[in-house]
Amino acid sequence: MRKLLLVGAFGAAALGALVVRGGTAASGPTYNRDVAPILDAKCASCHRIGGIAPFSLTTAADAKAHAAGIVRMTRTGLMPPWMPGPDSAPLVGRSRRRLAAPQLATLARWAANGAPAGTPADRRSRPASGAGLSGPGRTVTLAPRRAYLPHAPGGGIDDYHCFVLDPKLKRNAFVTGALIEPQRTGIVHHVILYEAAGAQAAAATRLNAAAGGKGWSCFGGPGLPVDISGPRSLSRLGQPPWIAAWVPGHTTNTLPNGTGVLLHRGAKIVMQVHYNLIEAVGPDRSRARLRLRPATTRLTRLQTELIAAPVELPCPAGIAGARCTRTNALQDELVKYGAEAAFVPAALLRLCNRTLADYPRSVGSGTAISTTCDRPVDQRKTIYGVAGHMHLRGRDISVVLDPGTRNERTLLHIPAWDFHWQDVYYLQKPVAVGPGDTIRVRCRFDNSKANQPVVGSKQLTPRYVLWGEGTTDEMCLGMLAVAAR
């Protein structure tokens with residue numbers, strides 16, 4: 001996460017260049033009258049006590065302490081965070097994140113004038129709260145019966161654990177929003193809510209009972225029987241349907257108006273939590289709040305489809321040894337995550353019609369390594385939302401419709417990947433696709449010596465990196481929220 005604390009060196013001289021001639025503390029912008037409305041609307045949902053940002057910006061004193069950093073980060077467009085590039089399709093929410101030129105000028109004049117607070121009575125705005133749930137319906141809150149103390153069952157620094165949540169639905173319902181609240185954001189890498197219905201619900205109940213109600217280890221998926229009976233089950237590789245997910249930086253909790261995810265009567269929810277144990281570990285009891293409406297409501301049913309590309313990242317040129325062999329990387333995944341997870345690298349090569357010959361055996365310092373996967377569209381559907389996911393070596397990810405044709409269109413491009421700012425993005429105008437169309441996910445990675453992840457205070461030694469479940473492994477994943485037509 002980019003922290004404003006790191007950019008306080010933006011000096012008064014540079015700020016002074018932006019001051020409107022003649023501005024003074026008396027006549028220029030003040031926090032209460034001019035700056036608070038900007039920060040309250042654009043920043044406070046994250047920069048508040050208990051928010052995902054590292055410090056609060058909800059008082060005059062808070063803002064003054066970070067005034068220089070505020071100007072620099074907003075002026076360069078790094079804050080408020082909006083990761084999609086300008087070549088992405090028009091996306092919902094961009095205007096809410098971006099600052100207009102007059103707002104940027106106000107912040108610069110205020111900071112250069114000494115960040116005056118002004119008169120408290122002038123403040124008319126209130127800090128925006130964290131993104132919540134809105135719209136009609138009822139809200140249910142679900143959490144495991146007890147807290148769980150994460151540990152790495154296969155060694156390493158990662159723990160995937162699944163919990164059973166019971167919404168106790170007596171009738172089918174639509175989920176129109178999901179607010180997932182990790183208790184320990186320092187160690188929670190992601191949370192996925194799966195719907196387990198029918199035989200999968202029974203299997204989840206058995207697994208949980210066998211563990212004394214404490215949940216079970218679930219690398220590579222929720223660990224339930226594969227089900228490929230539904231028309232979109234192959235796009236999920238037989239895993240249960242997704243209801244919602246949380247990743248660092250996630251703020252989009254409500255689905256587009258008129259849409260919902262169907263949750264069946266009697267279904268259980270399996271909450272998979274990936275814990276990364278780099279930081280200090282403590283008991284966690286993450287929870288989820290769901291906004292529900294009756295299934296009789298006229299809503300468009302959304303489902304999640306996944307497009308994954310192989311990850312084959314060799315060691316940098318000039319570095320050799322056992323850790324730089326693919327065989328050693330596969331063995332490491334087998335030990336840490338089990339046979340099913342270790343099978344994924346080979347399966348992705350096959351699914352994406354790729355071979356090891358498509359990837360370099362070594363790369364020069366700082367050279368990016370690219371990977372792609374094309375998924376032919378086999379049914380008529382409408383794309384409402386799109387997201388991408390990589391880990392710490394990721395540099396660039398895109399999801400493209402009909403690549404290499406005259407109809408090519410970039411749905412999402414994140415040109416400067418930041419693991420700490422991930423989200424799902426909904427299209428301002430949903431896109432209809434069908435047989436003959438192709439969806440491509442493309443990722444670029446940097447596996448150079450200088451870009452190795454840091455665990456504790458120690459930078460890791462370069463190694464051959466595969467698609468893997470751990471935070472210090474890698475993934476290349478595109479996600480689509482779609483509706484059948």
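In this text the structure is predicted, and so the values were computed from the model without any measurement.
Remark: of the listed residues Asn447, Asp473, Asp446, Asn447 is the sole one forming a side-chain hydrogen bond (donor to acceptor under 3.5 Å, both in side chains) with Arg393.
Asn32 and Thr119 are not linked by any side-chain donor-acceptor pair at a separation below 3.5 angstrom, with hydrogens and angles left out of the test.
Residue Arg146 qualifies as enclosed at atom CZ: its count of foreign heavy atoms under 6.0 Å is above 12.
Not counting sequence neighbours, Trp216 has no partner by the ring-ring contact (aromatic ring centres under 6.0 Å, His included) test. In this structure, the ring-ring contact (aromatic ring centres under 6.0 Å, His included) partners of Phe163, at least two apart in sequence or on a different chain, are Tyr148, His161. Among residues two or more places apart in sequence or in another chain, the ring-ring contact (aromatic ring centres under 6.0 Å, His included) test is passed with His389 by His189, His391. Annotation: side chain to side chain donor-acceptor pair (under 3.5 Å) contacts of Arg395 (sequence neighbours excluded): Asn451. Partners of Thr297 under the side chain to side chain donor-acceptor pair (under 3.5 Å) rule, at least two apart in sequence or in another chain, do not exist in this structure.
In plain terms, the two heavy atoms of Val261 and Leu302 that are nearest each other are CG2-O, 3.7 Å.
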Checklist entry - Where do Thr176 and Leu299 land on the side chain to side chain contact (heavy atoms under 4.5 Å, CB included) test, with the steps shown first? => result CA-CA 9 Å; Thr176 59; Leu299 297 177; 3.8 Å; yes

Item to check | From CA spacing to verdict: side-chain hydrogen bond (donor to acceptor under 3.5 Å, both in side chains), Thr58, Arg48 | outcome: CA-CA 6 Å; Thr58 59; Arg48 59 188 173 86; over 6 Å; no

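At least one donor-acceptor pair closer than 3.5 Å links the side chain of Arg485 to the backbone N or O of Lys381. Judged by distance alone, the side chain of Ser88 and the main-chain N or O of Pro84 form no donor-acceptor pair under 3.5 Å. Formation of a donor-acceptor pair under 3.5 Å by the Asp437 side chain with backbone atoms of Gly434 is found in this model.
Using a cutoff of 4.0 Å between basic side-chain nitrogens and carboxylate oxygens, Asp34 and Arg109 are not scored as salt-bridged. We find that Glu305 and Arg375 are not joined by a salt bridge, their nearest charged nitrogen and carboxylate oxygen being 4.0 Å or further apart.
The salt bridge (Lys or Arg N to Asp or Glu O under 4.0 Å) contacts involving residues 167-189 comprise Glu181-Arg287, Glu181-Arg289, where partners must be two or more places apart or lie in separate chains.
The aromatic ring centroids of His190 and Tyr160 lie less than 6.0 Å from each other.
Remark: Cys373 SG to Cys476 SG, distance not under 2.5 Å.
Side-chain atoms of Asp158 and Tyr275, non-hydrogen and from C-beta on, never get closer than 4.5 Å to each other.
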